[in-house]
Amino acid sequence: MTNKLALSVQDLSVRFPVRTGAFGQTIKLLSAVDNVTFSLPSGESLGLVGESGCGKTTLAMAIAGLGPITQGHVEIGGESYSDAAARRNRALRRKVQVVFQDSASSLNPRMTIGEIVGEPLRVHRVGTRRERASRVETLLEQVGLRGDYGPHYPHELSGGQRQRVGLARALALDPGLIVADEPVSALDVSVKAQIINLLADLRARDKRSFLVISHDFSIIEYLCDQVAVMYLGKIVEKGPVKDVLLDPQHPYTRSLIAAVPSPRPDEAGTAASSFGELPSPLDPPSGCRFHPRCAVAVEKCSKLEPPLAKKSPKRVAACHLLGGAGMHGATLFD
Ligand code: SF4
């Protein structure tokens, strides 16, 4: 039996016009997300991993209806939300909610915690006032806050508590998909672990789908079934998170995993230092976009872009040195 899809993304691109040159006289198109295709079965979680500036947050915001789509389309829970009017539709808000990285700026400082968590219920006219108040208490308890936090304001809470409030608000409309954008990167180490455990508990309890954006493989490993690795606006590898971590196929994925800081100080940072700078997405390299940084590049890498190719039924990667058939049936190998 085929699993229902929580999310399907088809040939999605996001491009922004950017002024360049000494006087800003030239307009160039910045390709933040380039022809991205993937799907996520209901109840599963996908991690989007990559360096800052690789396009993962732009992709996530486009999926959540909070950012533009230049081309392609997004289906959430079986319904298409690609056209601008549909993406502003309230129905989309009931299907996908976002937990932001910076809880301090994503919560309205003039609203109480109770008002913040209850606002989606009020806007969508869910229940009576009394029922909404009771639901807010339940939501706060679900994220590990007592119901009596309701009358307090965001500035009275710690960073971890505010992130719990953001999560309670995201859960209010019971969405099938939650997009968590670097959900713990602004938190202290000790609080990080608590929020990661809370996300894992919520995932296991409700069988809800999560799209987790992070530059940290360990968070993706803990929270996700699948991982998609992004490089300069493109997915270069995708597969079950454990398989990708154990046996990364794409040279970029290997570099990312090797650059994860080691607990042993003598090993830390050696891979990262040989990794180099991310090229500008305004002027991406020809052929394989990773070729200027790739230690195993061959001649055709700078000329020909490798397609995402199936490595096994569940894994795809885009590299000329890997075997298999392209996603659209083309054979990769010479
Ligand atoms: Fe490296 Fe070439 Fe593979 Fe790109 S296609 S990752 S440059 S070997």
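Whatever order the structure lists ligands and atoms in, that order sets their numbers, starting from 1.
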Check: Is any side-chain N of the basic residue among Arg135 and Glu131 closer than 4.0 Å to the acidic one's carboxylate O?
Finding: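 Answer for the salt bridge query: no.
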Check: Is Lys95 paired with Glu79 through a side-chain N to carboxylate O contact shorter than 4.0 Å?
Finding: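 Looking at Glu79 and Lys95, the cut-off is met.
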Notebook entry, point to check: What residues, two or more places apart in sequence or in another chain, satisfy side chain to side chain contact (heavy atoms under 4.5 Å, CB included) together with Arg132?
Noted result: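 Expected list: Leu121, Arg122, Arg129.
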Notebook entry, point to check: Would you say the side-chain atoms of Asp225 and Ser45 include a donor-acceptor pair closer than 3.5 Å?
Noted result: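 Side-chain D/A pair, Asp225 to Ser45: absent.
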Check: Under 3.5 Å, is there a donor-acceptor pair between the Tyr149 and Gln161 side chains?
Finding: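 Yes, side-chain donor-acceptor contact under 3.5 Å.
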Note to self: As a test of understanding, state which of Leu145, Leu140, Ile113 forms a side chain to side chain contact (heavy atoms under 4.5 Å, CB included) with Arg164.
What the structure shows: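 Testing each of Leu145, Leu140, Ile113 against Arg164, the sole residue satisfying side chain to side chain contact (heavy atoms under 4.5 Å, CB included) is Leu145.
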Next item on the list: Using a cut-off of 2.8 Å, count how many protein N, O or S atoms are strictly closer to atom 1 (Fe) of ligand 1.
Entry: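 Under the 2.8 Å cut-off, the count stands at 1.
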